[in-house]
Asker: 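My questions will all concern the structure given below.
These values consider heavy atoms only, across backbone and side chains, with no hydrogens, waters or symmetry-generated copies. Count residues from 1 along the sequence. Both ligands and their constituent atoms are indexed starting at 1 by order of listing.
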Amino acid sequence: MKEFDLAVIGAGINGAGIARDAAMRGISVVVLEQNDLCSGTSAVSSRLIHGGLRYLEHFEIPLVYESLHERRYLRQIAAHLVKPLRITIPIYESAKRGPLLIRLGMIVYDILSMGKRMPGHDMLDADELLEAAPGLRREGLCAGARYYDAQVTFAERLVLENLLAARAAGASIRTYCRARKIGVKAGCIDEILFEDTITGEQGSLTASVVVNAAGPWVDQVLGIAADNPKQLIGGTKGSHIVVGRFEGAPVDAFYIEAEADARPLFIIPWNDQLLIGTTDIRYKDSLQEVRASRAEVDYLLAETNRVFPSARLAVGDIHYAYAGIRPLPHRVKGPESAISRKHVIKKNKAIAKGLISVVGGKLTTYRHLAEQTVDRVGKMLQRRTAPCRSFDTPLPGGWGFDAAKDELQSLAILSEQGLERLLSIYGGRATQIVELCRRKPALNRCIDAEQTVLAAEVVFGIRDEMARTLSDLVYRRLMLGLNADQGRRHYNKIAAIAAAELAWDERRMTDELNALQQYSDSFRVVE
Ligand SMILES: Cc1cc2nc3c(=O)[nH]c(=O)nc-3n(C[C@H](O)[C@H](O)[C@H](O)COP(=O)(O)OP(=O)(O)OC[C@H]3O[C@@H](n4cnc5c(N)ncnc54)[C@H](O)[C@@H]3O)c2cc1C
């Protein structure tokens with residue numbers, strides 16, 4: 001049994017951020033994650049690092065200010081993952097939010113963004129809008145606005161890099177390791193029992209403080225510490241569809257108002273495709289397999305076709321769809337959109353001293369949430385910890401871009417597209433992949449005709465990035481699972497390299513391939 005200061009349950013963005021900050025401040029940390037890292041809500045968002053213009057409608061000025069502040073930090077510490085995104089809002093005569101209201105929102109957003117190194121907004125007339133986006137519906141178009149936010153194409157890699165930073169600072173990261181029981185003795189945390197969900201092995205550890213960062217599973221984790229704990233989470237479901245670029249598709253991201261219910265929706269250029277979402281529906285069902293419903297898919301298709309008539313999107317055009325549950329605070333009444341996206345760090349004193357749960361939050365604000373949580377952990381440990389440096393310490397891949405580019409070029413086997421791909425995934429850490437290619441010449445080859453994917457990435461994912469299954473590699477390390485074909489043409493080649501590295505026998509390799517196919521199929525939308 002090992003002893004830690006802090007056990008973090010959940011390796012989504014919040015758990016990963018907390019682990020990084022705590023380990024960098026000298027706290028001994030273990031992270032327990034029941035699946036692979038970033039396999040919960042953090043993998044199914046709109047992938048925006050944004051102030052949240054919409055929150056202004058609910059007068060959540062401090063949340064918008066905090067988010068815009070964090071957007072700047074993330075651009076600095078993870079420039080390879082977080083990129084600026086220009087967003088256009090078309091305004092139609094029938095819209096609930098007219099030009100005056102939008103303009104007012106834009107001015108407030110600009111003021112709150114001041115000093116954050118992003119250009120301010122522009123207001124556009126109908127002709128300017130149509131020139132920028134010829135596919136846009138003309139009838140009723142009266143004006144528009146254009147502003148900047150940011151996008152994290154691969155949120156999965158943001159989570160991973162936080163965990164890698166935590167590990168480099170001494171944290172122990174255990175994926176596929178489910179917390180099964182949090183023992184409580186005399187009002188304090190006692191043993192934590194866990195189980196490896198791949199091997200079935202059981203184990204235990206002790207920690208003075210436990211942070212429950214289990215996202216939508218927060219109440220379930222409280223349930224392994226106490227009988228009938230008070231419900232903290234009131235999840236809402238959000239779905240996205242991913243389609244190819246259609247005729248007249250916009251170059252900018254578009255923020256539109258849905259005709260059916262006046263909700264704001266995004267159509268976002270992402271990963272050479274368009275990411276369209278989202279919905280917001282109270283959710284009480286199983287968290288096991290959350291999938292986009294046909295009604296949600298039809299709603300997203302109809303609203304996109306209405307604003308971009310040339311799209312003529314149908315179910316058959318969808319590459320895949322994904323859905324997830326926002327771990328929002330439990331609210332019985334009121335519209336879903338009015339539930340605050342502000343996070344709450346809740347001490348669960350009624351269950352045990354030393355137990356904290358994280359409720360709500362956004363990808364955008366994870367770093368600040370982590371800082372606030374670790375401040376509390378430090379107080380609970382009655383220890384002076386080192387000051388927080390998560391805001392100005394680059395993530396492991398967040399520096400050394402020029403050197404990485406030179407190194408990749410020196411391999412002389414990658415196409416321009418391949419070079420870009422590796423830099424956008426690994427940032428400065430691409431240098432380590434080149435070193436691996438030099439040490440193991442058999443891995444110094446591309447697995448595709450377009451020369452975009454290196455064989456060495458598979459071994460790197462296993463040795464350096466904690467991948468344990470084929471799905472981990474395809475969806476959360478090499479990021480091929482998010483391509484239009486879900487990376488299917490690469491599965492056999494990746495499986496062969498992984499099998500050699502992990503000494504999988506024929507049967508294990510077949511099982512891994514079947515599990516991956518099944519996982520990919522689960523995102524398909526059937527006509
Ligand atoms: C549709 C949608 C769109 C969104 N869009 C945006 C956006 O554009 N920008 C933005 O900033 N935010 C966005 N968000 C919000 C953001 O994605 C979430 O707030 C955030 O990802 C929550 O992260 P988390 O770490 O708390 O939870 P999760 O990512 O769900 O992580 C919790 C982890 O805990 C693990 N776990 C659970 N139980 C156990 C156990 N017993 N033992 C071990 N591990 C366990 C789970 O497996 C999971 O990996 C969106 C959310 C949704 C749903």
Side-chain angles (χ1 to χ4, degrees), residues 7-19 30-52 54-55 63 66-67 70-71 74 82 85 149-152 155-156 158-159 162-163 174-182 192-197 210-225 233 235-240 253 265-266 268 270 275 277-281 283 287-288 290 292 296 300 321-328 336 341-343 345 357-367 369-370 373 476:
V8 179
I9 300 180
I13 191 66
N14 287 326
I18 292 164
V30 60
V31 179
L32 303 178
E33 165 55 53
Q34 64 182 352
N35 295 313
D36 187 26
L37 54 92
C38 199
S39 50
T41 303
S42 302
V44 288
S45 77
S46 305
R47 299 167 186 269
L48 295 174
I49 299 297
H50 63 153
R54 185 177 78 70
Y55 309 138
L63 173 61
E66 177 194 26
S67 305
E70 289 303 310
R71 186 184 72 184
L74 292 182
V82 179
L85 179 73
D149 249 319
Q151 176 182 46
V152 55
E156 295 80 354
L158 188 63
V159 173
N162 273 277
L163 291 169
R174 303 191 184 177
T175 57
Y176 292 99
C177 194
R178 177 178 296 131
R180 283 185 42 240
K181 175 89 198 138
I182 301 173
I192 300 163
L193 306 182
F194 58 82
E195 177 183 55
D196 186 306
T197 53
V210 172
V211 174
N212 171 6
W217 293 267
V218 156
D219 289 323
Q220 288 185 15
V221 168
L222 290 177
I224 61 169
I233 302 287
T236 72
K237 182 184 179 198
S239 296
H240 290 85
L265 289 183
F266 283 105
I268 310 170
W270 167 77
L275 177 63
T278 172
T279 53
D280 197 359
I281 305 162
Y283 187 82
L287 296 172
Q288 214 47 35
V290 183
E296 288 175 287
L300 295 172
Y322 63 67
I325 306 302
R326 299 176 182 85
L328 301 179
E336 289 89 339
R341 267 51 176 172
K342 194 166 167 39
H343 59 254
I345 302 160
S357 294
V358 167
V359 176
K362 302 163 61 186
L363 270 182
T364 310
T365 47
Y366 86 89
R367 194 215 58 84
L369 177 151
T373 307
R476 292 170 293 274

Asker: Which atoms form the tightest heavy-atom contact between D149 and I49, and what is the distance?
Answerer: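 Distance-wise, the nearest heavy atoms are OD1-O, 3.7 Å.
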Asker: For atom 34 (O) of ligand 1, which protein heavy atom lies nearest, and how many Å away is it?
Answerer: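 Among all protein heavy atoms, the one nearest atom 34 (O) of ligand 1 is G10 CA, 3.2 Å.
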Asker: Check H50 against ligand 1 and report side chain, backbone, both or neither, counting heavy atoms closer than 4.0 Å.
Answerer: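 The answer is the side chain.
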Asker: Whether K237 and E296 form a salt bridge (side-chain N of Lys/Arg under 4.0 Å from carboxylate O of Asp/Glu) is what I want to check.
Answerer: yes
Asker: Is there any N or O on N14 that sits under 3.5 Å from an N or O of ligand 1?
Answerer: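 It does: an N or O of N14 is found under 3.5 Å from an N or O of ligand 1.
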Asker: Among protein heavy atoms, which lies nearest atom 37 (C) of ligand 1, and at what distance?
Answerer: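 Checking every protein heavy atom, the shortest distance to atom 37 (C) of ligand 1 gives Q34 NE2, 3.3 Å.
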Asker: Say whether S239, considering both its backbone and side-chain N or O atoms, lies within less than 3.5 Å of an N or O atom on ligand 1.
Answerer: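 N/O-N/O distance under 3.5 Å: no.
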Asker: In the protein, which heavy atom is nearest to atom 27 (O) of ligand 1, and how far is it?
Answerer: G215 CA, 3.4 Å
Asker: Below 4.0 angstrom from a heavy atom of V44, which ligand 1 atoms are there? Numbered from 1 as shown, please.
Answerer: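 Selected atoms, number and element: 1 (C), 2 (C).
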Asker: When you measure from the side chain of T279 to the backbone N and O of S239, does any donor-acceptor pair fall under 3.5 Å?
Answerer: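 Yes.
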Asker: Counting heavy atoms only, which of A179, S42, G12, S46 is nearest atom 23 (O) of ligand 1?
Answerer: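 Among A179, S42, G12, S46, the closest heavy atom to atom 23 (O) of ligand 1 comes from S42.
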Asker: Could an N or O of ligand 1 be found under 3.5 Å from any N or O of G361, whether backbone or side chain?
Answerer: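 Right, the criterion is met.
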Asker: Just need the protein heavy atom nearest to atom 47 (O) of ligand 1, so name the residue and atom and give the distance.
Answerer: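 Going atom by atom, the protein heavy atom closest to atom 47 (O) of ligand 1 ends up being E33 OE2, 2.7 Å.
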Asker: For the residue pair H50 and T364, confirm or rule out a side-chain donor-acceptor distance under 3.5 Å.
Answerer: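 Looking only at side-chain atoms, T364 and H50 do not form any donor-acceptor pair under 3.5 Å.
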Asker: Quick one, V211 and N14 - any side-chain contact, counting heavy atoms below 4.5 Å?
Answerer: no
Asker: Of all the atoms in ligand 1, which lie at a distance below 4.0 Å from a heavy atom belonging to K362?
Answerer: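 By the 4.0 Å cutoff, the relevant atoms are 10 (C), 11 (O), 12 (N), 19 (O).
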Asker: What are the two closest heavy atoms between S45 and L363, and how far apart are they?
Answerer: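 Where S45 meets L363 most closely, the heavy atoms are OG-CD1, 3.3 Å.
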Asker: Please determine, by modelled atom types, if T175 and D36 share a side-chain donor-acceptor pair under 3.5 angstrom.
Answerer: no
Asker: Measure from atom 32 (C) of ligand 1 to every heavy atom in G17, A214, A43 and give the option owning the shortest one.
Answerer: A214
Asker: Taking all non-hydrogen atoms of both residues, which atom of P327 and which atom of G215 are closest, and how far apart?
Answerer: CB-C, 3.4 Å
Asker: Which atom pair, heavy atoms only, marks the closest approach of A179 to I224?
Answerer: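 In terms of heavy atoms, the two residues are closest at O-CD1, 3.3 Å.
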Asker: How far is atom 52 (C) of ligand 1 from its nearest protein heavy atom, and which residue and atom name does that atom have?
Answerer: R326 CG, 3.7 Å
Asker: What protein heavy atom lies closest to atom 14 (N) of ligand 1? Include the residue and the distance to one decimal.
Answerer: S45 CB, 3.8 Å
Asker: Could you report the tightest heavy-atom contact between A323 and A292, atom names first, then the distance?
Answerer: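 The answer is CB-N, 3.5 Å.
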Asker: Show which atoms of ligand 1 fall inside a sub-4.0 Å distance from at least one heavy-atom site of C177.
Answerer: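 Atoms satisfying the 4.0 Å criterion: 43 (C).
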Asker: Check ligand 1 against H240 and write out every atom of the ligand that is under 4.0 Å from a heavy-atom position of the residue.
Answerer: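 The list of qualifying atoms is 1 (C), 3 (C).
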Asker: Mind checking whether W270 and Y322 have parallel, tilted or perpendicular rings, split at 30° and 60°?
Answerer: perpendicular
Asker: Where do V31 and A19 come nearest, in terms of heavy atoms and distance?
Answerer: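 So the minimum-distance heavy-atom pair works out to CG2-CB, 3.5 Å.
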Asker: Can you tell which of I13, V159, T41 gets a heavy atom nearest to atom 28 (P) of ligand 1?
Answerer: T41
Asker: If you measure from the Lys or Arg side-chain nitrogens to the Asp or Glu carboxylate oxygens, is any gap between E156 and R47 under 4.0 Å?
Answerer: yes
Asker: Rounded to the nearest 0.5 Å, what's the gap from CZ on R367 to CD on E70? Could you check?
Answerer: 4.0 Å
Asker: I'd like to check which ligand 1 atoms, numbered from 1 as shown, lie under 4.0 Å from a non-hydrogen atom of P216.
Answerer: 30 (O)
Asker: Taking 4.0 angstrom as the limit and counting only heavy atoms of G40, give me the atoms of ligand 1 inside it, by number and element.
Answerer: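 Selected atoms, number and element: 29 (O), 30 (O), 49 (O).
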Asker: Regarding ligand 1, does L363 bring an N or O atom to under 3.5 Å of one of the ligand's N or O atoms?
Answerer: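 By distance alone, the answer is yes.
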Asker: Could you say whether the N/O atoms of L48 and ligand 1 ever approach to under 3.5 Å?
Answerer: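 Yes: some nitrogen or oxygen of L48 is under 3.5 Å from one in ligand 1.
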Asker: Which of the numbered atoms in ligand 1 are under 4.0 angstrom from any heavy atom belonging to T278?
Answerer: 1 (C)
Asker: With heavy atoms of A213 as the reference, note each atom of ligand 1 found under 4.0 Å away.
Answerer: 32 (C), 34 (O)
